[in-house]
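Just so it is clear, the model here is predicted, and its values are computed rather than measured. Just so you know, these numbers use all the heavy atoms, side chains as well, and skip hydrogens, waters and symmetry mates.
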Amino acid sequence: MAIAATATLSFIHFRQLSQTSLSSSSSSRIRYRFTSSRWLKKLNHPCHSFACFSSRCSITNTDIHVDHVNTDEAKGASSVVEPECPVPIVKLNSDILKTESLNLLTEATFVDTLLTALPVLSAEEQHALAATPAHPDGLHAFYVSCIAANIVEQLWNFAWPSAIALIHPSLLPVAVMGFFTKVAIIIGGPLIGKVMDHAPRLSGYNCLTIIQATAQLLSAAMIIHAYSVPHTSVSALLLCPWFAILVSAGSVERLCGVALGVANERDWVVLLAGVNRPVALAQANAFLNRIDLLSEIVGTSLFGVLLSKFHPVTCLKVAAGLILGLLPVTIVFTLLANKLSTGVLDRHKSPQTCFTTFSEDSAPDTDSIVVKGLEAIKLGWKEYLGQPVLPASLACVLLYFNIVLAPGSLMTAFLTQRGLSPSIVGGFSTMCAFMGVAATFVSSTLVKKFGILKAGAVGLVFQALLLSMAVAVYWSGSIFHHNPLLIFLSLIILSRLGHMSYYVVGAQIIQTGIPSSKANIIGTTEVAVASFAECIMLGVAIIANDPSHFGVLAILSLLSVVGAAWMFCRWLLNPTDEQKVLFSYDPQF
């Protein structure tokens, strides 16, 4: 064991050291390292102050016997030295230097022998190591925490648009609420990402979880209140105070959900599975997607069945009880994941961010907060645009322009206003989620057959083809009949197979190209860009809020998916040198 010490020497009597007897069982090696020969020249200068003399010592495998030192003699010798005469006399023993050289040679020989004697793992052993998570117990506890959190989130994502759509027969309330939610993510995404990158993981995560649950409960209370108030027009509904509170609470809830999702998918899973264990990381990514999709199945099916049998107010009360019941489960298993992984999730602020001067913190003003916020947003965009896998991320962003040819709030509102039973609407979302679960298995087969990059291209092209067929069925004019409507929905369900295949593959592509120290800020900025895309489409939906304009929104959604497939395939056909280095293991290269 090596001990490094830095000491300021007032005076050292090296004659005492040379007289000290060293036994073979307790040998010590002291090496004085002077930074440069120029420093030695300054040492001989008569006017040089001895107070500036310092030496750095490295002591290796040392047993120091203090009883050999004559402290009285040392004190007397040090008292003789005057501050004006600071130059010490250093005597070097040539025997010690020779012994030291031999010891260094022996150590170097030992290291060379050790390196050549290291066993080399076989291909099977390397594959087994790559498939073994770094912290398996912590990863399992993390999965339980994600299940509890995702069930609540997916249930609420289906509950609020369904309940609002039954208040008034218009897409406008759902579109307005979705619009302002995306604006909040665009503005606050990079800010909260920077905070998550520097704050302690556990306290920050649990705090956001509690805020998200509080916002969900407040939103449920506002919607329940809305059912007790009569509404004559949609404009009167939008001007109600409860709707403003609902929009604010929904924005906070989505912002927290985005930050928690990015932390799970881009940071925590990498730490628990191991960044240098690609097979384990890929399996963990696939399992997280299965949790998300199965939670969507459970959440949407549960609320859909409840909504078909009970009044929406009763259903919202059940949802609120589920939110309260699963909140402590999420927090407890999050703490357990950290404990079982030997504290790998603990990350405290650096001294530069934790300890600031009193003058910096004593008078915070609004201007400095605004400036820091703008700097965080600027940094987030800079890091996002500078990532080496930007085209893959932009292709994922383009998919967020698809807001109607996918299970979501607008599709839920459209199908509800078309007169479909809530159980059928919930069944559509459930089947889309089942297709996503199948995609987590299909994606691994695609990666083995085509490689990770070509697998992403296959998923995007497959989705674009099926959505083209769905739009053709819609514009055929027979969508108002039962069978064509089922064909339309079935094509959208099948397209989720390609969508989720690219989502799984794209997640690993982005994880490979982004360092963990920037995972949160780049991830939340990506979500902010995706929210900007959704915000544009929701703005269009606000203008074209009549259900008869659904076909126009469908065409715009299709064009975004086709654009994503074109961008990714173009990036695949024209790889950069950095791309070849990052994905050197891919058969494409």
Nearest heavy-atom neighbours spanning [X] and [Y]:
{"X": "N264", "Y": "L288", "value": "O-CD1, 4.1 Å"}
{"X": "C432", "Y": "I493", "value": "SG-CG1, 3.8 Å"}
{"X": "A263", "Y": "M196", "value": "CB-CE, 3.8 Å"}
{"X": "V461", "Y": "A565", "value": "N-CB, 4.3 Å"}
{"X": "T330", "Y": "S145", "value": "O-OG, 3.2 Å"}
{"X": "A533", "Y": "V397", "value": "CB-O, 4.0 Å"}

Test item: [X] side-chain N/O and [Y] main-chain N/O as donor-acceptor pair under 3.5 Å:
{"X": "S341", "Y": "H135", "answer": "no"}
{"X": "N338", "Y": "T334", "answer": "no"}
{"X": "S251", "Y": "V247", "answer": "yes"}
{"X": "S495", "Y": "I492", "answer": "yes"}

Return the [atom1] to [atom2] distance between [X] and [Y], rounded to the nearest 0.5 Å.
{"X": "L255", "Y": "L260", "atom1": "CG", "atom2": "CG", "answer": "9.5 Å"}
{"X": "L335", "Y": "L340", "atom1": "CG", "atom2": "CG", "answer": "11.0 Å"}
{"X": "I211", "Y": "N206", "atom1": "CD1", "atom2": "CG", "answer": "11.0 Å"}
{"X": "I403", "Y": "L410", "atom1": "CD1", "atom2": "CG", "answer": "5.0 Å"}
{"X": "F142", "Y": "W268", "atom1": "CZ", "atom2": "CH2", "answer": "7.0 Å"}
{"X": "I185", "Y": "C256", "atom1": "CD1", "atom2": "SG", "answer": "10.5 Å"}

Could you check whether any side-chain heavy atom of [X] comes within less than 4.5 Å of a side-chain heavy atom of [Y], counting everything from C-beta outward?
{"X": "N285", "Y": "E265", "answer": "no"}
{"X": "R254", "Y": "N157", "answer": "yes"}
{"X": "H499", "Y": "F462", "answer": "no"}
{"X": "L218", "Y": "T214", "answer": "no"}
{"X": "I297", "Y": "M431", "answer": "no"}
{"X": "L379", "Y": "P190", "answer": "no"}
{"X": "L208", "Y": "I192", "answer": "yes"}
{"X": "V262", "Y": "V527", "answer": "yes"}

Practice task
Give every residue pair that meets the side chain to side chain donor-acceptor pair (under 3.5 Å) criterion with at least one member in residues 216-227, sequence neighbours excluded.
Solution key: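 Matches after skipping sequence neighbours: Q216-E253.
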
Exercise for the section: Could you list all the side chain to side chain donor-acceptor pair (under 3.5 Å) pairs where at least one residue sits in residues 174-186, not counting sequence neighbours? Expected result: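 Listed by first then second residue: K182-E534.
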
Exercise for the section: Kindly indicate, with the supporting measurements, whether the criterion side chain to side chain contact (heavy atoms under 4.5 Å, CB included) is fulfilled by S295 and E153. Expected result: CA-CA 9 Å; S295 299; E153 186 170 351; over 6 Å; no

Exercise for the section: Check ring-ring contact (aromatic ring centres under 6.0 Å, His included) between Y143 and all other residues, then give those that pass, not counting sequence neighbours. Expected result: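 Applying ring-ring contact (aromatic ring centres under 6.0 Å, His included) to Y143 gives F287.
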
Handout entry: ring-ring contact (aromatic ring centres under 6.0 Å, His included) contacts touching residues 415-436 (sequence neighbours left out)
Key =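 Applying ring-ring contact (aromatic ring centres under 6.0 Å, His included) to every pair that reaches into residues 415-436, excluding sequence neighbours, yields nothing.
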
Practice task
Quick one: which residue pairs count as a ring-ring contact (aromatic ring centres under 6.0 Å, His included) with a foot in residues 384-422, not counting sequence neighbours?
Solution key: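 Applying ring-ring contact (aromatic ring centres under 6.0 Å, His included) to every pair that reaches into residues 384-422, excluding sequence neighbours, yields F414-F550.
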
What residues, two or more places apart in sequence or in another chain, satisfy side chain to side chain donor-acceptor pair (under 3.5 Å) together with [X]?
{"X": "R496", "result": "none"}
{"X": "T440", "result": "R290"}
{"X": "S235", "result": "S233"}
{"X": "T300", "result": "T430"}

Exercise for the section: Given side chain to side chain contact (heavy atoms under 4.5 Å, CB included), test M177 with W160 step by step and report yes or no. Expected result: CA-CA 10 Å; M177 186 170 175; W160 73 262; 3.5 Å; yes

Taking atom [atom1] of [X] as the centre, does the number of heavy atoms from other residues, nucleotides or ligands within less than 6.0 Å exceed 12?
{"X": "F488", "atom1": "CZ", "result": "yes"}
{"X": "Y503", "atom1": "OH", "result": "no"}
{"X": "Y474", "atom1": "OH", "result": "yes"}

Handout entry: Worked check of side chain to side chain contact (heavy atoms under 4.5 Å, CB included) between V144 and L336
Key = CA-CA 10 Å; V144 177; L336 183 62; over 6 Å; no

Exercise for the section: Quick one: list whatever passes side-chain contact (heavy atoms from CB on, under 4.5 Å) with A464, sequence neighbours left out. Expected result: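 So A464 forms a side-chain contact (heavy atoms from CB on, under 4.5 Å) with V561, V562.
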
Exercise for the section: Only counting residues at least two apart or in another chain, list the ones meeting salt bridge (charged side-chain N to carboxylate O under 4.0 Å, His left out) with E383. Expected result: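 In terms of salt bridge (charged side-chain N to carboxylate O under 4.0 Å, His left out), with neighbours along the sequence ignored, E383 is linked to K518.
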
Practice task
For E526, check salt bridge (charged side-chain N to carboxylate O under 4.0 Å, His left out) against everything at least two apart and list the hits.
Solution key: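 Here the qualifying residues are R266.
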
Problem - Centroid separation F568 to Y502 less than 6.0 Å - result: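 So the answer is yes for these two rings.
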
Exercise for the section: Measure centre to centre between the rings of F303 and W156, then say whether the value is under 6.0 Å. Expected result: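 No, too far apart.
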
Practice task
Go through L415 and L489 one step at a time and tell me if the side chain to side chain contact (heavy atoms under 4.5 Å, CB included) criterion holds.
Solution key: CA-CA 10 Å; L415 295 178; L489 296 179; 4.1 Å; yes

Exercise for the section: Decide whether Q154 and D292 meet the rule of one side-chain donor and one side-chain acceptor closer than 3.5 Å. Expected result: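 The answer is yes; a qualifying pair exists.
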
